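Atom set for the values below is all heavy atoms of this structure, side chains included, hydrogens, waters and symmetry mates excluded. It should be emphasised that the depicted structure is a prediction, and the values quoted were computed from it without experimental measurement.
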Amino acid sequence: MTVPALVFSDDQAAAYDSVTELLRGAGVDLDEGLCLPAQEGRSRVMALMGKAGSGKTLLLAELVKALEAVGVETVSGDYESRRAREKRTLAVLAPTNKAASVLRMRGVPATTIHRIIYTPVYDPEYERVAEWLMGNEDERPEIEGLADIALDRALAVYEQHKSIPAALAAAGLRGSDFITGWKRREEPLDIGFVDESSMLDERQFDDLCEIFPNLVLFGDPAQLAPVNQSGKMVFDGMKDSQKRELHRIHRQEADNPILDLAHALADPALGFGDFERMIEEAARKDDRVVYANRVEVDLMARSPVLVWRNATRIRLINAFRRVHDAPEDSLLPGEPLICDGIELPLKHRRKRLDLEARGLIKGAQVIYLGPGKKPGFSRLHVVGAIEPQVSAASIVKIEKPEEEEPFIPFAARMGATFLHGAAVTIHKAQGSQWEEVQVFAPDLYAAARTGRNEAGQPLWKRLAYVAITRAQSRLYWVVRNRLSRPSGALRVDDLSAPAAPLELTAEDPAL
């Protein structure tokens with residue numbers, strides 16, 4: 001086998017070999033450095049599964065590097081060169097913007113599933129700029145109104161982020177300047193890697209199988225299954241010969257207490273009370289775990305409190321707005337929102353596709369920046385999107401405790417719909433990660449009291465596992481129904497351009 005730059009554990013090496021064999025059957029030989037033209041034939045699907053910390057992201061990143069080294073071109077759905085259509089291609093996908101941004105932060109050029117399904121149509125003049133940025137044209141393009149210094153900025157951004165829209169935005173252009181429309185992909189692609197595959201429902205899986213003749217799913221079987229699939233994941237319908245599982249958990253020299261807690265949930269004898277005592281003990285030894293007596297309101301603006309019950313979510317949202325003195329008839333800049341879909345008639349299909357491709361898909365985390373130029377429009381920052389600044393007609397719904405209908409502080413007649421995002425359910429948090437995460441423990445205790453099971457495991461354990469593994473650096477286990485006071489007003493000055501990629505190491509506990 002081709003020896004990667006990092007030293008794999010035995011189960012990682014076996015999984016790498018399995019994917020290498022699948023790719024060899026598709027005409028891409030990583031051992032010999034060969035990249036043969038694609039041929040029509042049978043579809044190949046494989047699932048690479050493992051719990052948090054088992055090295056799935058590390059494997060995905062190394063496979064991407066190996067494919068790029070033999071000449072496979074990565075496509076993102078942002079722009080696809082006509083010259084690349086004869087080449088072998090790879091697309092790295094995630095179900096949500098946040099999940100895709102987590103991969104991009106680790107140096108993996110990822111995009112959302114939706115952005116691959118719907119592709120942009122570029123103005124021919126700006127196609128020349130895109131081809132030059134990608135290195136397919138030697139001669140610097142001359143575009144009226146686009147100075148050399150703007151092209152230099154575009155090139156610098158493209159070299160860092162490999163995104164054509166982000167590069168053109170850095171040159172001072174808006175999407176409407178260079179994108180003339182959107183179309184659903186008709187022609188298939190080639191090789192697809194899908195992260196966070198436990199979130200896929202059957203329809204998404206079928207769509208991906210149609211688009212990619214060579215598909216590798218990366219996912220965590222210990223997470224929660226999609227709500228509409230009766231506790232089943234797409235892995236469950238696959239043959240054993242198509243699945244590989246990583247068992248070894250990788251850590252830094254100092255153990256990661258967050259992962260330790262997550263993996264302790266696999267013990268069938270562990271009860272909820274025992275688990276809380278384990279968290280309390282971990283908090284005494286390591287400040288990366290906090291046994292908290294209240295919800296920290298300052299964290300809620302960027303990292304929602306994770307809950308199980310909808311009623312808890314609504315109470316926390318209203319408490320968050322009260323302590324910030326938010327008026328009922330408007331939003332404050334800096335308030336977090338969650339996209340709940342787009343309500344537009346068919347005649348506005350192009351606008352719908354434009355918003356969805358910019359990141360406003362259901363479940364997207366958004367920060368309200370202020371009113372737009374037109375009545376009912378909002379300026380928004382889409383968390384994790386490559387081009388995060390968006391202006392959209394908005395319908396904002398703020399649910400009230402014990403009231404059937406949500407309160408709508410303002411709304412356009414149609415557009416993107418939003419719920420408040422200061423608290424979210426653990427189900428909706430799947431695929432996302434935050435530096436610091438607050439888990440509302442009384443809700444998990446309520447889940448434990450129900451005695452419910454999902455896929456043979458107590459529901460509270462699955463909820464706790466998903467919630468805990470959303471935390472990258474610090475976990476707050478909140479045990480009381482209290483809320484702190486804010487240290488200051490809500491802010492938006494912390495919302496910046498995408499960060500530079502992080503380097504992956506073999507012992508990164510977030511892998």
Is [X] reaching over with its side chain to a backbone N or O of [Y], donor-acceptor style, under 3.5 angstrom?
| X | Y | answer |
| --- | --- | --- |
| T469 | Y465 | yes |
| S473 | E435 | yes |
| R462 | Q223 | yes |
| Q204 | D201 | yes |
| S330 | P327 | no |
| E335 | L332 | yes |
| R470 | V437 | no |
| D340 | L419 | no |
| R379 | V390 | no |
| H263 | I258 | no |

Residues [X] and [Y] bridged, charged N to O under 4.0 Å:
| X | Y | value |
| --- | --- | --- |
| D443 | R309 | yes |
| D493 | R491 | yes |
| K400 | E402 | no |
| E399 | K397 | no |
| R302 | E436 | no |

Under 4.5 Å between any side-chain heavy atoms of [X] and [Y], yes or no?
| X | Y | result |
| --- | --- | --- |
| L331 | F418 | no |
| F205 | L217 | yes |
| L208 | L200 | yes |
| Y126 | L173 | yes |
| E296 | Q438 | yes |
| P333 | L369 | no |
| I116 | R185 | yes |
| F178 | P165 | yes |

To the nearest 0.5 Å, what is the distance between [atom1] ([X]) and [atom2] ([Y])?
| X | Y | atom1 | atom2 | result |
| --- | --- | --- | --- | --- |
| I113 | M199 | CD1 | CE | 8.5 Å |
| F272 | L265 | CZ | CG | 10.0 Å |
| I211 | D190 | CD1 | CG | 13.0 Å |
| T417 | I338 | OG1 | CD1 | 11.5 Å |
| L380 | I367 | CG | CD1 | 9.5 Å |
| L261 | N256 | CG | CG | 9.0 Å |

Q: Determine, stepwise, if the pair T312 / F440 fulfils side-chain contact (heavy atoms from CB on, under 4.5 Å).
A: CA-CA 9 Å; T312 306; F440 195 72; 3.6 Å; yes
Looking only at non-hydrogen atoms, find the nearest pair between [X] and [Y] and report the distance.
| X | Y | answer |
| --- | --- | --- |
| S487 | D298 | OG-OD2, 2.7 Å |
| K56 | G219 | CD-O, 3.4 Å |
| P188 | E210 | CB-O, 4.2 Å |
| A94 | A99 | CB-CB, 3.7 Å |
| S198 | F235 | N-CZ, 3.9 Å |
| Y158 | A167 | CB-CB, 3.9 Å |

Q: Let me see the working for V45 and C209 under side-chain contact (heavy atoms from CB on, under 4.5 Å), right down to the final yes or no.
A: CA-CA 8 Å; V45 182; C209 288; 4.3 Å; yes
Q: Would you check if the distance from the ring center of F275 to the ring center of W477 is below 6.0 Å?
A: yes
Q) Would F320 and H420 count as a close aromatic pair, with their ring centres under 6.0 Å? A)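 Under 6.0 Å, so yes.
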(Q) Evaluate L459 against L224 for side-chain contact (heavy atoms from CB on, under 4.5 Å), listing each step before the verdict. (A) CA-CA 9 Å; L459 174 62; L224 294 159; 4.2 Å; yes
Q. Should H324 and L490 be marked as a side-chain contact (heavy atoms from CB on, under 4.5 Å) after you check the CA-CA gap, both sets of side-chain angles, and the distance that decides it?
A. CA-CA 8 Å; H324 279 292; L490 291 168; 3.7 Å; yes
(Q) We want to know whether E454 and W460 form a side-chain donor-acceptor pair, criterion being a heavy-atom distance below 3.5 angstrom. (A)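 No, W460 and E454 have no side-chain donor paired with an acceptor closer than 3.5 Å.
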Q) How about N310 and R313: does a side-chain donor come under 3.5 Å of a side-chain acceptor? A) yes
Q: Check the surroundings of atom OH in Y445: do more than 12 heavy atoms from other residues, nucleotides or ligands lie under 6.0 Å from it?
A: no
Q.
I need the single residue from L316, N318, I317 that forms a side chain to side chain contact (heavy atoms under 4.5 Å, CB included) with I314. Which is it?
A.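 For I314, the side chain to side chain contact (heavy atoms under 4.5 Å, CB included) check succeeds only for N318.
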